[in-house]
Amino acid sequence: MTEREINMAIAEACGWTELEVFSAGHPDDDMVCGYEPNGVLRGKLPIPDYCNDLNAMHEGERFLWADGKESYNPFIRREYLQELDRVTHCQWSTVSATARQRAEAFLRTVGK
């Protein structure tokens, strides 16, 4: 998957809606925008760059662990951590995993 496809898949899993690519004239400058998952309609905003931004991935992880709800889901968290171990090829990978590795583990956890 390309970084754009990964970012879009995670955004959709986290509740972003009506995603679309806005062309800036050059493919490297295109932006994916959509409506935020929190329900505030401020217009379409750029989705987070989950592949390159650890802060964005931490938000995604929080959403994943809570399974889209307010409650904590320890089973999903364990599955995600196992996938992260596979992606990084080491145990205790949460300490040094990159945003891209976390994004890949996220998508494996949700079956994409």
Side-chain angles (χ1 to χ4, degrees):
M1 294 179 88
T2 66
E3 285 191 358
R4 178 187 298 161
E5 292 169 333
I6 291 170
N7 288 335
M8 289 178 75
I10 294 173
E12 286 176 344
C14 290
W16 285 77
T17 58
E18 296 185 38
L19 301 181
E20 67 179 298
V21 178
F22 287 95
S23 178
H26 189 277
D28 290 339
D29 297 329
D30 291 350
M31 254 196 309
V32 178
C33 296
Y35 293 111
E36 292 178 286
N38 61 15
V40 177
L41 295 177
R42 297 186 293 174
K44 288 192 173 184
L45 300 173
I47 64 171
D49 184 3
Y50 296 103
C51 288
N52 297 296
D53 184 351
L54 278 172
N55 290 326
M57 270 316 304
H58 290 308
E59 287 298 317
E61 289 168 343
R62 275 195 280 274
F63 183 87
L64 180 65
W65 295 344
D67 198 20
K69 304 173 191 73
E70 292 298 315
S71 60
Y72 175 76
N73 187 333
F75 301 108
I76 295 293
R77 183 174 186 195
R78 182 175 56 227
E79 186 177 331
Y80 169 75
L81 293 174
Q82 289 170 344
E83 289 296 343
L84 193 55
D85 287 344
R86 286 186 193 107
V87 168
T88 60
H89 307 290
C90 73
Q91 200 170 16
W92 306 105
S93 54
T94 56
V95 175
S96 60
T98 66
R100 175 64 186 239
Q101 290 169 325
R102 290 168 187 270
E104 187 177 335
F106 182 103
L107 291 179
R108 288 181 179 195
T109 302
V110 298
K112 293 192 176 196

Minimum heavy-atom separation for [X] to [Y], with atom names?
X     : Y      : value
Cys51 : Ala99  : O-CB, 3.5 Å
Met31 : Pro46  : SD-CG, 3.7 Å
Ala13 : Phe63  : O-CE2, 2.8 Å
Ala56 : Pro48  : CB-CB, 3.6 Å
Ala97 : Leu54  : O-CD2, 3.8 Å
Ile10 : Ala103 : CD1-CB, 3.6 Å

Q | Listed partners of Asn52 passing side chain to side chain donor-acceptor pair (under 3.5 Å), at least two apart | A | Glu3, Asp49

Q: Please say whether more than 12 non-hydrogen atoms of neighbouring residues, nucleotides or ligands are located less than 6.0 Å from CE in Met1.
A: yes

Is it the case that one hydrophobic cluster holds both [X] and [Y], taking links as side-chain heavy atoms less than 4.5 Å apart, direct or via other members?
X     : Y      : value
Val32 : Leu45  : yes
Trp16 : Val21  : yes
Leu81 : Val110 : yes

Which distance, rounded to the nearest 0.5 Å, do you find between the [atom1] of [X] and the [atom2] of [Y]?
X      : Y      : atom1 : atom2 : answer
Met57  : Phe106 : CE    : CZ    : 6.0 Å
Lys44  : Glu36  : NZ    : CD    : 13.0 Å
Arg102 : Thr109 : CZ    : OG1   : 12.0 Å
Thr2   : Met8   : OG1   : CE    : 9.0 Å
Tyr80  : Leu107 : OH    : CG    : 10.0 Å
Arg86  : Gln101 : CZ    : CD    : 14.5 Å

Q) Salt bridge between Glu104 and Arg108, side-chain N to carboxylate O under 4.0 Å? A) yes

**Q.** Step-by-step side-chain contact (heavy atoms from CB on, under 4.5 Å) determination, Glu59 to Tyr50
**A.** CA-CA 9 Å; Glu59 287 298 317; Tyr50 296 103; 5.6 Å; no

